[in-house]
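Step one of this worksheet: look at the structure below.
Hydrogens, waters and symmetry mates play no part in the numbers below; they use all other heavy atoms, side chains included. Just so you know, residue 1 is the first one in the sequence shown, and it goes up from there.
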Amino acid sequence: KLLKMVQRTLIYEGFQVVTAADGRQALAQLQVEQPDLVILDWMMPEVSGIEICKTLKEDTELQKIPVFMLTAKGQDEDEKLGLQYGVARYITKPFSPKALLRMIEETLGIQSP
């Protein structure tokens, strides 16, 4: 549900969106797609979002891609760990799709109309 909502919001705003069913598929797609931004959930099946972030930040070709962590893990320790692993924005659920959109535009340097 959440994935579809974020996907619809971003597509409506003109973004090209690629999704993955689990962490292993996400890692494979990241090697091919090399997107401008990655949004992960910490608790993804197969490979966790935090492990994906760590892997991206260790890869010289992918480490510059900003990573947003969209998660239910709202403890301070979780956020600190995410930031240590290179998460650009740590967003806890529930969240506002409009706020997420503003953060994406800000991170990518896109001016809102």
Inset, instruction - Might you point out which heavy atoms bring L37 and I39 nearest each other, and give the distance in Å? - result: CD2-CG1, 3.9 Å

Side-chain donor-acceptor pairs of residues 60-81 under 3.5 Å, sequence neighbours excluded:
| unit_1 | atom_1 | unit_2 | atom_2 | d |
| --- | --- | --- | --- | --- |
| E61 | OE1 | Q34 | NE2 | 3.4 |
| Q63 | NE2 | K57 | O | 3.1 |
| T71 | OG1 | K73 | N | 3.0 |

Inset, instruction - Would you mind reporting whether D36 and Q16 have side-chain heavy atoms less than 4.5 Å apart? - result: no

Inset, instruction - Return the minimal non-hydrogen interatomic distance between Q29 and A20, and the atom names on each side. - result: OE1-CB, 3.2 Å

Legend entry - Candidate list V18, L2, T19, test side chain to side chain contact (heavy atoms under 4.5 Å, CB included), partner Q7, passing option: T19

Inset, instruction - Kindly indicate, with the supporting measurements, whether the criterion side chain to side chain contact (heavy atoms under 4.5 Å, CB included) is fulfilled by E51 and L27. - result: CA-CA 10 Å; E51 285 299 319; L27 278 171; over 6 Å; no

Inset, instruction - Mind checking side-chain contact (heavy atoms from CB on, under 4.5 Å) for E106 and listing every partner two or more places apart, or none if nothing turns up? - result: R89

Legend entry - Heavy-atom pair of closest approach, residues I52 and A26: CD1-CB, 4.0 Å

Inset, instruction - Report yes if the side chains of L30 and P35 come closer than 4.5 Å at any heavy-atom pair, otherwise no. - result: yes

Legend entry - Rounded distance [0.5 Å steps], CD1 in I110 versus CD in E13: 10.0 Å

Inset, instruction - Could you pull out the closest heavy-atom pair between T92 and F95, with the gap in Å? - result: O-CB, 3.7 Å

Legend entry - Test item: Q25 side-chain N/O and A21 main-chain N/O as donor-acceptor pair under 3.5 Å: yes

Inset, instruction - May I have the step-by-step check of side chain to side chain contact (heavy atoms under 4.5 Å, CB included) for F15 and L108, ending in yes or no? - result: CA-CA 12 Å; F15 289 94; L108 297 178; 4.1 Å; yes

Inset, instruction - To the nearest 0.5 Å, tell me how far Y90 OH sits from W42 CH2. - result: 5.0 Å

Inset, instruction - Apply side chain to side chain donor-acceptor pair (under 3.5 Å) to R24 and list each qualifying residue two or more places apart in sequence or on a separate chain. - result: E46

Inset, instruction - For I50 and G82, work out which heavy atoms get closest and say how close. - result: CD1-CA, 3.6 Å

Legend entry - Side-chain heavy atoms of L101 within contact of L10, under 4.5 Å: yes

